[in-house]
> 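Here's a structure for you.
In what follows, every chain begins at residue 1, and chains take the letters A, B, ... in the order their sequences are listed. Worth saying up front: this structure is predicted, and the values here are computed from it rather than measured.
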There are 2 protein chains.
Amino acid sequence: MYTLSEENYLKSIYRLSQQPNFKITPTAIAESLKNNPASVVDMIRKLTEKQLIEYDKKKGVKLTPVGLKDAVLIVRRHRLWEVFLLEKLGYHWDEIHDIAEELEHISDATLADRLDKFLGFPEYDPHGDPIPKANGKIPKPYSVTLADLKTGDTCRVAAVKDTSSSFLQYLQKLDIGIGTSIKLLEKISYDNSLVITINGKENTTVSQKFGENILVD
Amino acid sequence: MYTLSEENYLKSIYRLSQQPNFKITPTAIAESLKNNPASVVDMIRKLTEKQLIEYDKKKGVKLTPVGLKDAVLIVRRHRLWEVFLLEKLGYHWDEIHDIAEELEHISDATLADRLDKFLGFPEYDPHGDPIPKANGKIPKPYSVTLADLKTGDTCRVAAVKDTSSSFLQYLQKLDIGIGTSIKLLEKISYDNSLVITINGKENTTVSQKFGENILVD
DNA sequence: ACATAAAATTAGTCTTAACTAATTTTATGT
DNA sequence: ACATAAAATTAGTTAAGACTAATTTTATGT
Ligand SMILES: [Mn+2]
Ligand SMILES: [Mn+2]
Ligand SMILES: [Mn+2]
Ligand SMILES: [Mn+2]
């Protein structure tokens with residue numbers, strides 16, 4: 001149906017479209033795919049031809065209904081495979097993204113649905129991201145970050161916004177995973193660093209950027 | 001490591017090398033991959049450069065030790081994924097080959113071994129083909145075909161040589177699968193057609209070609 | 001309003017892996 | 001031994017998807 005590149009572009013555009021009030025420009029897509037903007041302009045042309053996206057110089061790139069539907073299906077496959085790799089094959093959560101990045105492109109009409117059933121219809125992937133259902137419906141994503149909390153609040157880690165190995169390994173070192181309980185003790189007003197307690201243990205200080213990449217419940 | 005095409009060529013050359021006394025020519029590879037011989041000549045050059053094969057106009061194409069090792073690993077991945085698709089996701093044996101044809105190219109250092117473990121270290125794939133071990137050792141493949149039997153012999157279906165949908169669906173219709181018991185009642189001397197009893201039920205006549213594609217125990 | 005910077009686009013190049021058509025080499029039958 | 005057929009190879013083309021470098025368009029600060 002689609003080429004590997006087309007699918008990666010669709011997924012990247014979808015991901016960017018999740019940031020509210022964000023204009024999806026060729027440069028933004030290029031950064032997200034680590035591609036050259038010139039290459040992106042070519043692909044924008046191709047996907048526009050195929051009626052998967054619309055490009056308005058003022059409003060940026062937008063997925064058409066068809067493009068959106070198919071982008072969501074790719075995300076569905078990605079996240080289902082991530083669950084499989086972690087739950088069934090015993091990978092750690094910082095190893096699964098890159099492999100799922102390849103597995104998501106396996107095209108077979110019933111594969112995703114069979115995998116979904118085999119895994120017990122999981123609602124969230126190992127990073128806490130919602131797994132779109134076969135009909136395209138998406139469980140509510142988490143939206144409050146650790147950085148949004150008030151001093152004294154306690155929360156449960158629900159998801160991570162950044163799935164890079166370096167971030168996930170840092171979390172591992174801090175003993176933070178999905179479900180971990182965190183209490184915000186203090187916000188350093190100088191640079192918005194956060195002083196937190198992890199699972200009731202000793203205090204740690206993390207950066208604002210760190211806090212913005214943790215979604216909580 | 002390798003491109004998709006390189007891997008498909010390696011695997012195809014390996015498969016052809018399994019036929020004893022068969023000279024692996026550009027034309028043979030082209031047929032097996034449904035490619036043009038001119039394209040094959042290009043790839044032979046490339047794989048020779050990379051020291052994965054040797055090409056002697058007299059002896060044809062041969063895998064080098066490195067090429068053989070890696071071809072076997074691709075076959076290993078293919079057959080493990082086939083087991084997964086059948087056993088865990090409930091596909092039928094005529095649906096799995098094409099999907100495994102894509103899955104076999106997923107490159108991750110530990111994926112095959114984890115999958116192997118998850119599946120309980122199966123020795124044979126759903127078509128009865130031996131699954132190479134992580135160290136490259138290959139369980140003994142079956143070699144006697146239904147057409148090799150003498151009149152009156154009874155056997156167990158161990159593997160199929162042809163994994164095309166049309167052949168497998170024909171088998172399905174005849175109620176033949178791995179493990180089915182078959183008795184050879186008569187060999188028609190005119191065209192070597194075979195009269196057989198399947199699982200002790202009514203008689204059926206099949207062609208010589210059919211018999212040559214069933215490996216028995 | 002204008003200089004300058006940033007972003008977008010165009011033009012042209014490269015690589016991979018296919019193809020067709022033409023040519024050369026090898027095999028085969030009489 | 002030679003004609004003919006088949007196989008292998010070469011030469012040239014194409015398409016996808018990336019790139020760089022040059023140019024044009026748009027945004028921004030003074
Ligand atoms: Mn991908
Ligand atoms: Mn994920
Ligand atoms: Mn393949
Ligand atoms: Mn098989």
> Does dA7(D) have OP1 or OP2 sitting under 4.0 Å from an N or O in the side chain of Lys57(B)?
no
> Reckon Ser39(B) has a side-chain N or O less than 4.0 Å from the OP1 or OP2 of dA17(C)?
no
> Go ahead and write out DNA chain D as dot-bracket, 5' to 3': ( ) for pairs within the strand, [ ] for ones crossing earlier pairs, | when the partner sits on another strand, dots for unpaired; Watson-Crick or G-U wobble, both distances under 3.5 Å.
||||||||||||||||||||||||||||||
> Please tell me whether Asp113(A) and Thr110(A) have a donor and an acceptor in their side chains that are separated by less than 3.5 angstrom.
no
> Show your reasoning for whether side-chain contact (heavy atoms from CB on, under 4.5 Å) applies to Tyr124(A) and Asp129(A).
CA-CA 5 Å; Tyr124(A) 295 92; Asp129(A) 291 312; over 6 Å; no
> Does Asn35(B) reach the main-chain N or O of Glu31(B) with its side chain, forming a donor-acceptor pair under 3.5 Å?
no
> Show, in sequence, the C-alpha distance, side-chain angles and deciding distance for Asp148(A) and Thr145(A), and conclude whether the side chain to side chain donor-acceptor pair (under 3.5 Å) test is met.
CA-CA 5 Å; Asp148(A) 296 329; Thr145(A) 75; 3.2 Å; yes
> Within the pair Tyr2(A) and dA16(D), is there a side-chain N or O less than 4.0 Å away from OP1 or OP2?
no
> Decide yes or no on salt bridge (charged side-chain N to carboxylate O under 4.0 Å, His left out) for Glu123(B) and Lys133(B), but give the supporting numbers first.
CA-CA 8 Å; Glu123(B) 298 253 304; Lys133(B) 297 291 171 193; 3.4 Å; yes
> Ignoring backbone atoms, test whether Tyr9(B) places a side-chain nitrogen or oxygen under 4.0 Å from the OP1 or OP2 oxygen of dA18(C).
yes
> Ion pair present between Arg45(B) and Asp42(B), side-chain N to carboxylate O less than 4.0 angstrom?
yes
> Pro26(B) or Leu4(A): which one's nearest nucleotide on DNA chain D is closer to the 5' end?
Pro26(B)
> Under a plain distance cut-off of 3.5 Å, with no hydrogens placed, do Ser193(B) and Thr205(B) share a side-chain donor-acceptor pair?
no
> Using a 4.0 Å cut-off on protein heavy atoms (strictly under), produce a 5'-to-3' string for nucleotides 10-16 of chain C with B for base contact, S for backbone-only sugar-phosphate contact, and - for none.
B------
> Mapping Asn35(B) and Tyr55(A) onto DNA chain C by nearest heavy atom, which one lands closer to the 5' end?
Tyr55(A)
> Does one side chain, of His78(A) or Asp125(A), offer a donor that lies under 3.5 Å from an acceptor on the other?
no
